[in-house]
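Below is one structure, written out as structure tokens; the observations come after it.
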Amino acid sequence: MERAIRIEAWSYVEKVLQNTEVAEKGHCACVDLTTGEIVAGQSAEDLIPLGTFDQNLTGNGTKKVRVRLFKEVILHRFDNDGSPNALAESDFLKPCYLKDTKTVSALATNRSVAGRVWAVTSAGVLIEPAISIGVQGPQGEPG
């Protein structure tokens with residue numbers, strides 16, 4: 001049976017702003033890979049710059065902040081693996097792995113990198129495919 005292709009193009013993302021974090025419109029917004037939450041650009045490990053804040057906001061650990069991405073991303077939807085290897089919203093921008101032709105997983109053992117997680121919902125997992133980011137992470141424009 002042919003699988004319907006599910007693709008989305010994002011130029012903005014809305015994610016939880018880390019508790020007590022201050023977002024200032026136009027300033028650099030990053031994802032903290034240890035929590036999957038958004039923080040302001042700062043000197044710290046495990047941060048990936050995403051874009052700029054689209055609003056002023058102070059985080060309380062549940063408020064979502066809107067970020068204008070530096071570059072539009074093309075995302076593909078896959079099914080989520082089952083427990084205990086299911087991906088979660090806290091896996092934002094972490095690698096995910098191919099389980100089969102339509103499923104991605106948090107389990108890396110004996111699996112290839114599928115891409116980076118952007119969203120996890122009941123409809124599935126939106127990922128930026130590895131071909132777009134390089135197996136070890138962003139590599140810049142191909143060529």
Side-chain angles (χ1 to χ4, degrees), residues 1-23 26-55 57-143:
M1 173 187 239
E2 187 174 334
R3 179 176 175 261
I5 297 174
R6 297 161 284 179
I7 300 172
E8 295 183 22
W10 286 15
S11 56
Y12 288 88
V13 67
E14 286 188 10
K15 294 288 180 184
V16 172
L17 182 62
Q18 202 167 72
N19 191 35
T20 71
E21 196 69 27
V22 177
H27 288 236
C28 182
C30 299
V31 63
D32 181 340
L33 291 178
T34 60
T35 65
E37 295 177 339
I38 303 298
V39 297
Q42 56 196 277
S43 179
E45 294 182 5
D46 296 324
L47 301 184
I48 294 180
L50 286 178
T52 57
F53 289 112
D54 198 43
Q55 64 190 115
L57 186 69
T58 299
N60 66 2
T62 61
K63 290 181 186 174
K64 290 188 175 185
V65 65
R66 185 173 163 102
V67 175
R68 179 189 303 260
L69 301 174
F70 288 128
K71 176 182 170 184
E72 183 177 78
V73 292
I74 305 300
L75 306 174
H76 295 258
R77 188 175 309 278
F78 283 80
D79 293 339
N80 199 353
D81 198 359
S83 183
N85 302 316
L87 293 154
E89 192 64 24
S90 60
D91 291 320
F92 182 49
L93 288 194
K94 290 183 182 172
C96 60
Y97 305 89
L98 282 174
K99 178 180 179 181
D100 56 37
T101 61
K102 61 182 177 146
T103 310
V104 290
S105 175
L107 181 64
T109 306
N110 298 319
R111 293 182 176 168
S112 296
V113 173
R116 278 197 174 152
V117 174
W118 277 78
V120 178
T121 68
S122 59
V125 181
L126 280 169
I127 71 163
E128 183 178 13
I131 189 116
S132 301
I133 60 171
V135 175
Q136 282 77 36
Q139 303 293 318
E141 292 298 320

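Note that the structure is predicted; figures quoted are calculated from it, not measured.
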Could you tell me whether Arg68 atom CZ has more than 12 heavy atoms of other residues or ligands within 6.0 Å of it?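 12 or below, so no.
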Tell me if the CD atom of Glu72 is crowded by more than 12 foreign heavy atoms within 6.0 Å.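 Yes, the 6.0 Å shell around CD holds more than 12 heavy atoms from other groups.
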Are any of the side-chain heavy atoms of [X] and [Y] separated by less than 4.5 Å?
X	Y	result
Val113	Tyr97	yes
Leu69	Ser11	no
Val67	Phe53	yes
Ile48	Arg116	yes
Arg77	Leu75	no
Val13	Val73	no

Pick one: which of Tyr12, Phe78, Phe92 meets ring-ring contact (aromatic ring centres under 6.0 Å, His included) with Trp118?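 Looking at Tyr12, Phe78, Phe92, the match for Trp118 under the ring-ring contact (aromatic ring centres under 6.0 Å, His included) is Phe92.
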Donor-acceptor under 3.5 Å ([X] side chain, [Y] main chain):
X	Y	value
Asp91	Lys94	no
Glu14	Arg66	no
Glu21	Ile38	no

